[in-house]
Amino acid sequence: MEDLNWLKQAISKLDEQEAKALLHVLLVRSEQHEENELSEILQSVKESLHRLSKNDGKIEGLETVHIVFGDSTGGSLKASFRETSYELTEEIIVLSDNFSVGPIESLHTKKGLESRFQWFKENYHPFFDDFEQYKAGMVKAVEKIKAITPDQQVVIWTGENAAEQTGLRIVLYLLDKKPNKVLELNTFKAFHENFMYSQLEEEWLPRTSGELTPERLLLFYEQFELRPMRLAKRHALCDEGKNLLRMESLLRTWEHGELWHSNVDRDDDIIIRCAKYLHKEQSTYNFMKSARLIGEVIGHMQQYTGDEWIEFRLRALISKEVFVYRGDLQAMRLYEVKLNEEFLR
């Protein structure tokens, strides 16, 4: 009974990652013992907790930290590691954000994070029902990156898009002065190295790591050759991150292997072109669902911004009377649009 009380108190102090690792220890040991040997399992758990306390709460064996951008990529990577040895030795930090859009000035500070959240709240308001949860998750992720210990290897998952490439540079700035071994896993390059089908040679796929299945992410991690980032490259990208955090721009473009700041109206032309195409498909000139137009635009874009940004620009075009609308602009599903007739010509 004394052991059980001690365990209850110790477990209550664990965070989510530590508790997860501990449960795996319990599961593995329980498969090796008969039911009447529960005391041995409890002793095993107790020993694990003692190791945690000796390492200042760090899980022994967490050798690698993975940093990913976006909830989709984070969820897929976690799923790919499930029921593998990586669950016990590797941690995943998810920055659930799209860094290709929105303000990133001073994003490494609480003031900068607050400014970014406020901009989203004011401009992406229909999408932010769980605003506080999103905000808390981002703050926690940044704090975890800053707390990475020098002995841990860091794998940063990227792709050929402004969101992940901006994230890469910001993370390297956060890791500045840390001696950690840093590796970049570019899923676009890994995809084309593993799937060199003739029909894919001219296609710009995948646009983001979030478009890949858990099985492919695991395949890339295990088979794509990862080399530590050269110090010169790391310093150069860190400096780019430092400069990014000083800029006031709202939109970033990834093109020809470089990151560019763009005007906010960059995507307006493609929105208009897609609307013209959809109007041609109609038997008569009429309103169309805004979500239908936004989906069409996303399907034709090489740059990755997310549907929230396209909806934000669609509302801007409505305010400029390029489009007319009917319905409620508070949510994408609640209104329809059509091009002002003069723009159809």
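Each residue takes its place number in the sequence, starting with 1.
Of the possible polar contacts, one joining the T73 side chain to the G210 backbone as a donor-acceptor pair under 3.5 Å is found. A donor-acceptor contact shorter than 3.5 Å links the side chain of R252 to the backbone of G102. At least one donor-acceptor pair closer than 3.5 Å links the side chain of E164 to the backbone N or O of G159.
Taking the side chain as every heavy atom from C-beta outward, S209 and V68 never approach each other to under 4.5 Å. Residues I156 and L172 meet the side-chain proximity criterion, which asks for heavy atoms closer than 4.5 Å. Residues L317 and F343 are not in side-chain contact: their nearest non-hydrogen atoms beyond the backbone lie 4.5 Å or more apart. In this structure, Q302 and R207 have side chains that are not in contact, with every pair of non-hydrogen atoms separated by 4.5 Å or more. A heavy-atom distance below 4.5 Å is not found between the side chains of E193 and E225. Residues V154 and T64 fail the side-chain proximity criterion, which asks for heavy atoms closer than 4.5 Å. Annotation: side chain of H66 is in contact with side chain of F81 (closest heavy-atom distance under 4.5 Å). Inter-residue side-chain proximity for R266 and N263 is flagged as unmet; no heavy-atom pair is nearer than 4.5 Å.
Nearest heavy atom pair, residue A162 against residue S100, reads CB-CB, 3.7 Å. Heavy-atom minimum distance, L175 versus R234: O-NH2, 3.2 Å. The two residues L217 and L77 have their closest heavy-atom pair at CD1-N, 3.7 Å. Here the closest heavy-atom approach between residue F69 and residue G167 is recorded as CZ-C, 3.2 Å. Nearest heavy-atom pair across D71 and S96 is OD1-CB, 2.7 Å. For S249 against H261, the heavy-atom pair with the smallest separation is OG-ND1, 2.6 Å.
Under the salt bridge (Lys or Arg N to Asp or Glu O under 4.0 Å) test applied with R313, the options D267, D265, D268 reduce to a single match, D268.
Residues Y124 and W309 place their aromatic rings such that the two centres sit no closer than 6.0 Å.
Taking NE2 from H108 and CG from D176, the interatomic distance works out to 11.0 Å, rounded to the nearest 0.5 Å. A distance of 5.0 Å separates CG of L107 from CG of L113, quoted to the nearest 0.5 Å. Atom OH of Y304 and atom CD of E211 lie 8.0 Å apart (nearest 0.5 Å). Atom CD1 in I271 sits 13.5 Å away from atom NE2 in H300 (nearest 0.5 Å). C274 SG to K276 NZ: the interatomic distance, rounded to the nearest 0.5 Å, is 11.5 Å. Considering OG1 of T166 and CG of N161, their distance stands at 8.5 Å, rounded to 0.5 Å.
No continuous path of hydrophobic side-chain contacts links M247 to W260 [ILVMFWY only; heavy atoms under 4.5 Å]. Residues I294 and F287 do not share a hydrophobic cluster, defined by chaining ILVMFWY side chains whose heavy atoms lie under 4.5 Å apart. Clustering ILVMFWY residues whenever any of their side-chain heavy atoms sit less than 4.5 angstrom apart, transitively, puts I170 in the very cluster that holds L259. One hydrophobic cluster, built from ILVMFWY side chains closer than 4.5 Å, holds both L314 and Y277. If you chain together hydrophobic residues whose side chains sit under 4.5 Å apart, V324 and F312 never meet in one group.
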### T149 and D151: CA distance, side-chain angles, deciding distance, side-chain hydrogen bond (donor to acceptor under 3.5 Å, both in side chains) verdict
CA-CA 6 Å; T149 58; D151 57 304; 2.7 Å; yes
### Query
side chain to side chain contact (heavy atoms under 4.5 Å, CB included) between V337 and M288: does it pass, once the steps are laid out?
CA-CA 5 Å; V337 297; M288 66 185 77; 4.1 Å; yes
### Task
Any chance you could lay out the side-chain hydrogen bond (donor to acceptor under 3.5 Å, both in side chains) test for N186 and E160, step after step, and finish with the verdict?
CA-CA 8 Å; N186 187 308; E160 296 296 305; 2.6 Å; yes
### Message
Using the rule given for side chain to side chain contact (heavy atoms under 4.5 Å, CB included), can you reason through E308 versus V101, listing the C-alpha separation, both sets of side-chain angles and the distance that settles it, and then say yes or no?
### Response
CA-CA 10 Å; E308 300 95 339; V101 298; over 6 Å; no
### Message
Under the criterion side chain to side chain contact (heavy atoms under 4.5 Å, CB included), I'd like the reasoning laid out for V322 against L339: C-alpha separation, chi angles, the key distance, then a yes or no.
### Response
CA-CA 6 Å; V322 175; L339 270 172; 4.0 Å; yes
### Task
Would you sort out whether E296 and I310 count as a side chain to side chain contact (heavy atoms under 4.5 Å, CB included), showing the intermediate values?
CA-CA 11 Å; E296 186 74 19; I310 301 303; over 6 Å; no
### Query
Run the side-chain hydrogen bond (donor to acceptor under 3.5 Å, both in side chains) check on E90 and Y221 step by step: do they pass?
CA-CA 12 Å; E90 323 217 353; Y221 182 49; 2.8 Å; yes
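Counting non-hydrogen atoms of neighbouring residues, nucleotides and ligands closer than 6.0 angstrom, the CD atom of E321 reaches no more than 12 such neighbours. The number of heavy atoms from other shown groups lying within 6.0 Å of CZ (R326) is above 12. Summarising the local packing, NZ of K178 is surrounded by more than 12 heavy atoms from other residues, nucleotides or ligands at distances under 6.0 Å. Sparse packing is recorded around OH of Y325, with 12 or fewer heavy atoms of other residues, nucleotides or ligands lying under 6.0 Å away.
Residues K110 and E114 are not paired through a salt bridge, judged by the lack of any N-O separation under 4.0 Å between the basic side chain and the carboxylate. Between D97 and R116 there is a salt bridge, with a side-chain nitrogen of the basic residue lying less than 4.0 Å from a carboxylate oxygen of the acidic one.
Relative ring orientation between Y285 and H279 is described as tilted, the plane-to-plane angle lying within the 30° to 60° band. Ring planes of F120 and Y134: perpendicular class, angle over 60° (limits at 30 and 60°).
For E248, there are no salt bridge (Lys or Arg N to Asp or Glu O under 4.0 Å) partners at least two apart in sequence or on another chain.
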